[in-house]
Amino acid sequence: MIPLNENIPSWLKSRGYLHVTPKLDVFKNSSELISKVQNEGFVAKHSFSPLIHSNIKERKYKKIPLDEYQLNNEASNKDSGGNTKKKRAHSYKDSKSPYKVKKSTKIRPLHYSTHIDALIFGYYAEILQGLYEEELNKRKGLSECIIAYRKIVFDDDDGSGKGKSTIHFASEAFQEIKMRATIDDHGCSVLMFDIKSFFNEIDHNTLKSAWCDLFKVRKLNGAHYNVFKAATDFRYILLDDLRKRSNSIKQKGFDERKLFQIRRNTGKEAFFESFQEFRKILKEKQIKVFKHPFVKRIEQHKNTKGKRYIIKGIPQGLPISAVLANLYLLNFDKSILNEVVEKYDAYYRRYSDDILIVCKPDEAADIENYIMEKILSSHVKISREKTEKYLFKNIQVGYEENRLTSILISEKKCDPDYRVLEDYCLGDCCSLGRPLTYLGFEFYGYKTLIKSANLARFYRRIIYAVKRKALRASRIQSKEGGPFVIFKGQLKRLYRHVNLNKEKQHERKQLKLNKDRYYSYQKVEIEKNSPIPYSTYLSYVERASKIMDSGEIRKQLDKHNVVFHQAMCRFKKKYSKPN
């Protein structure tokens with residue numbers, strides 16, 4: 001337990017997920033856990049357990065490949081230059097397998113560790129983060145350039161310690177674009193880069209060298225090397241292998257009866273009663289252990305006929321993954337500060353694997369070539385498909401006055417017959433009014449909106465919530481009879497905006513000092529006039545509208561009530577039965 005007047009470490013966090021080893025009561029056993037985690041001898045000899053792997057699927061509205069029939073017979077798929085247009089969709093039929101439908105989804109792998117391993121990763125992440133921040137502060141302007149996985153407080157912070165969010169970062173970038181485009185008649189260029197499969201392609205030797213450089217040592221000690229090895233050369237099991245066995249295509253849930261028996265027999269929550277049981281199941285090959293999930297580069301030996309595998313990548317989901325990703329590109333960030341920001345007076349921001357550069361139009365080509373070449377020294381590559389170049393310039397659109405407008409510059413060569421505006425073609429190769437998408441927002445130059453894909457995801461959540469309630473109401477009606485009932489108030493509370501200044505008396509658990517002069521969680525009654533700290537998507541939209549001073553953002557959600565009521569009518573008609 002944590003003694004009186006001793007600060008609670010930020011890495012000492014309670015985690016609620018199930019794993020192969022039991023959950024930990026970090027506050028009840030805090031003294032023991034702190035002594036173990038901070039003991040380098042213990043960490044150096046600690047055997048890290050396999051991670052659990054699962055996938056997060058993100059629905060994408062992407063360009064799809066056209067089949068041979070469309071390519072050869074549909075003239076409508078040709079633009080004025082004779083190039084084949086690519087349509088966008090959430091899914092499409094595979095030309096090689098006509099009866100197979102492929103979905104345009106992005107699969108993001110996620111790995112998470114046991115609770116004791118997570119505490120160790122969190123503690124060493126805090127050590128690395130402290131030294132990393134010191135390294136950033138040695139160079140003026142470097143700290144402002146790296147905005148992901150860090151707490152960046154406001155310049156005029158009043159001592160509250162509140163950090164900036166992606167709303168503030170996006171707003172600052174858009175304001176910089178406006179300022180530069182206004183003072184220069186030629187406008188300003190914006191370069192957007194995306195590092196291809198960043199976490200999956202991290203080179204282990206480069207990461208290890210960066211780790212050593214941070215500590216100014218040639219070789220990591222036993223504890224740090226063991227943590228490094230656990231974060232790179234790791235093993236994992238599939239979350240789906242822990243579910244009930246079934247021949248059905250539909251995914252089954254976990255064996256709740258077994259989980260209940262484990263809680264009753266041991267008083268702990270885990271997938272297995274003991275680690276010995278887990279090892280026995282592995283030995284019997286009921287569950288398979290995997291290694292090295294990421295793509296390996298195969299290279300041919302010069303003197304031998306065999307091939308060797310280069311193991312790369314770190315897992316996403318570990319408490320240490322974020323700081324390792326930033327540390328990995330520290331030398332790259334320093335070089336960009338020297339050779340781009342200071343040399344060309346450019347604006348540079350990196351949010352994990354997303355890079356944004358704001359510069360003069362005549363310097364954009366040189367900066368792009370430098371970044372493309374420099375990133376190779378970090379053994380990762382820029383995704384050519386996701387690289388975008390914009391020109392922001394005050395131009396006349398229609399009968400309106402000049403306004404700041406975004407122009408997406410294509411990689412295709414410009415047609416010499418088109419009129420050229422300051423050396424930039426505005427023909428079919430360029431897209432006038434195509435917004436810059438950055439950190440969940442779309443910037444048109446004269447207005448800012450929330451990214452349409454994020455808005456569509458919110459509407460899908462509304463429709464899905466209504467559908468689930470309708471199905472439940474239908475089952476109750478079939479079983480008990482009576483009317484088909486859906487409580488609208490319960491559904492609206494899932495997504496509606498909640499007034500943060502609303503007066504309501506409620507209780508909350510807080511970490512407080514108990515009679516034994518140790519900290520523990522206790523129920524605390526909040527004062528009646530205190531605000532309720534709710535945060536929903538609508539409150540996020542309201543906050544973004546206020547920070548960016550954009551009324552258009554608030555108007556984007558005007559139809560969410562219409563979507564809700566349309567879904568109510570549709571599913572009520574579909575699932576309700578006549579009395």
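FYI, side chains are in, hydrogens and waters are out, and symmetry mates aren't considered; it's all heavy atoms of this structure. For reference, positions follow the sequence shown, starting with 1.
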**Prompt:** So, Ser165 and His168: side-chain donor and acceptor under 3.5 Å apart, yes or no?
**Reply:**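 On atom types as modelled, these side chains qualify, holding a pair under 3.5 Å.
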**Request:** Examine the side chains of Asp203 and Thr206 and answer whether a donor and an acceptor come within less than 3.5 Å of each other.
**Result:**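 Yes, Thr206 and Asp203 have a side-chain donor paired with an acceptor closer than 3.5 Å.
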**Prompt:** Side-chain contact, heavy-atom cut-off 4.5 Å: Leu191 with Ile355?
**Reply:**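 Answer no - side chains too far apart.
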**Prompt:** So do the side chains of Tyr540 and Ile167 get within less than 4.5 Å of each other, counting heavy atoms only?
**Reply:**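 Tyr540 reaches Ile167 side chain to side chain.
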**Prompt:** Who are the ring-ring contact (aromatic ring centres under 6.0 Å, His included) partners of Tyr124, not counting sequence neighbours?
**Reply:**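 ring-ring contact (aromatic ring centres under 6.0 Å, His included) check on Tyr124 returns His224.
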**Asked** Does Tyr112 have any ring-ring contact (aromatic ring centres under 6.0 Å, His included) partners at least two apart in sequence or in another chain, and if so, which?
**Response**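 By the ring-ring contact (aromatic ring centres under 6.0 Å, His included) rule, Tyr112 matches Tyr17, His19.
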**Request:** Could you please spell out the steps behind the salt bridge (charged side-chain N to carboxylate O under 4.0 Å, His left out) verdict for Lys374 and Glu339?
**Result:** CA-CA 10 Å; Lys374 190 63 183 178; Glu339 301 298 327; over 6 Å; no
In terms of relative ring orientation, are [X] and [Y] parallel, tilted or perpendicular, with 30° and 60° separating the classes?
| X | Y | result |
| --- | --- | --- |
| His53 | Tyr236 | tilted |
| Phe174 | Phe443 | parallel |
| His111 | Phe234 | perpendicular |
| Phe228 | Tyr225 | tilted |

Mark yes or no for whether [X], through its side chain, and [Y], through its backbone, hold a donor-acceptor pair below 3.5 Å.
| X | Y | result |
| --- | --- | --- |
| Lys23 | Gly16 | yes |
| Tyr438 | Phe169 | no |
| Asp353 | Ser197 | no |
| Ser35 | Ser31 | yes |
| Arg349 | Asp354 | no |
| Tyr149 | Leu324 | no |
| Asn226 | Val43 | yes |
| Arg150 | Ser143 | yes |
| Ser321 | Pro315 | yes |
| Thr448 | Tyr444 | no |

If I compare all heavy atoms of [X] with all of [Y], which pair ends up nearest, and what's the gap?
| X | Y | answer |
| --- | --- | --- |
| Met548 | Ala170 | CE-CB, 3.6 Å |
| Cys359 | Ile367 | CB-CD1, 3.6 Å |
| Val227 | Ile120 | CG2-CG2, 4.0 Å |
| Val20 | Phe275 | CG2-CE1, 4.5 Å |
| Tyr370 | Ile336 | CE2-CD1, 3.9 Å |
| Lys140 | Leu337 | O-CD2, 3.9 Å |

**Item:** Qualifying residue for side chain to side chain contact (heavy atoms under 4.5 Å, CB included) with Ile202, from Ile195, Leu329, Ile314, Thr232
**Value:**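 The passing option is Ile314.
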Taking atom [atom1] of [X] as the centre, does the number of heavy atoms from other residues, nucleotides or ligands within less than 6.0 Å exceed 12?
| X | atom1 | result |
| --- | --- | --- |
| Arg139 | CZ | yes |
| Lys36 | NZ | no |
| Lys178 | NZ | yes |
| Lys208 | NZ | no |

**Request:** List the steps, then state whether ring-ring contact (aromatic ring centres under 6.0 Å, His included) holds for Phe271 with Phe278.
**Result:** CA-CA 9 Å; Phe271 283 115; Phe278 173 61; 9.8 Å; no
**Request:** For Glu135, check salt bridge (charged side-chain N to carboxylate O under 4.0 Å, His left out) against everything at least two apart and list the hits.
**Result:**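 Applying salt bridge (charged side-chain N to carboxylate O under 4.0 Å, His left out) to Glu135 gives Lys138, Lys334.
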**Message:** Arg15: which residues meet the salt bridge (charged side-chain N to carboxylate O under 4.0 Å, His left out) condition with it, sequence neighbours left out?
**Reply:**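 In terms of salt bridge (charged side-chain N to carboxylate O under 4.0 Å, His left out), with neighbours along the sequence ignored, Arg15 is linked to no residue.
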**Salt bridge Asp333-Arg350, side-chain N to carboxylate O under 4.0 Å** =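 Answer for the salt bridge query: yes.
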**Asked** Got a sec, which pairs hit salt bridge (Lys or Arg N to Asp or Glu O under 4.0 Å) with one end in residues 216-231, sequence neighbours left out?
**Response**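 For residues 216-231: none.
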**Request:** Would you sort out whether Trp211 and Leu128 count as a side chain to side chain contact (heavy atoms under 4.5 Å, CB included), showing the intermediate values?
**Result:** CA-CA 8 Å; Trp211 201 321; Leu128 292 175; 3.3 Å; yes
**Message:** Going by the rule side-chain hydrogen bond (donor to acceptor under 3.5 Å, both in side chains), which residues pair with Gln129 if we only count those two or more places apart in sequence or in a different chain?
**Reply:**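 Expected list: Glu133.
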Reported [atom1]-to-[atom2] distance for the pair [X] and [Y], which is rounded to 0.5 angstrom:
| X | Y | atom1 | atom2 | answer |
| --- | --- | --- | --- | --- |
| Leu391 | Ser406 | CG | OG | 9.5 Å |
| Ile357 | Cys188 | CD1 | SG | 12.5 Å |
| Glu388 | Asp194 | CD | CG | 10.0 Å |

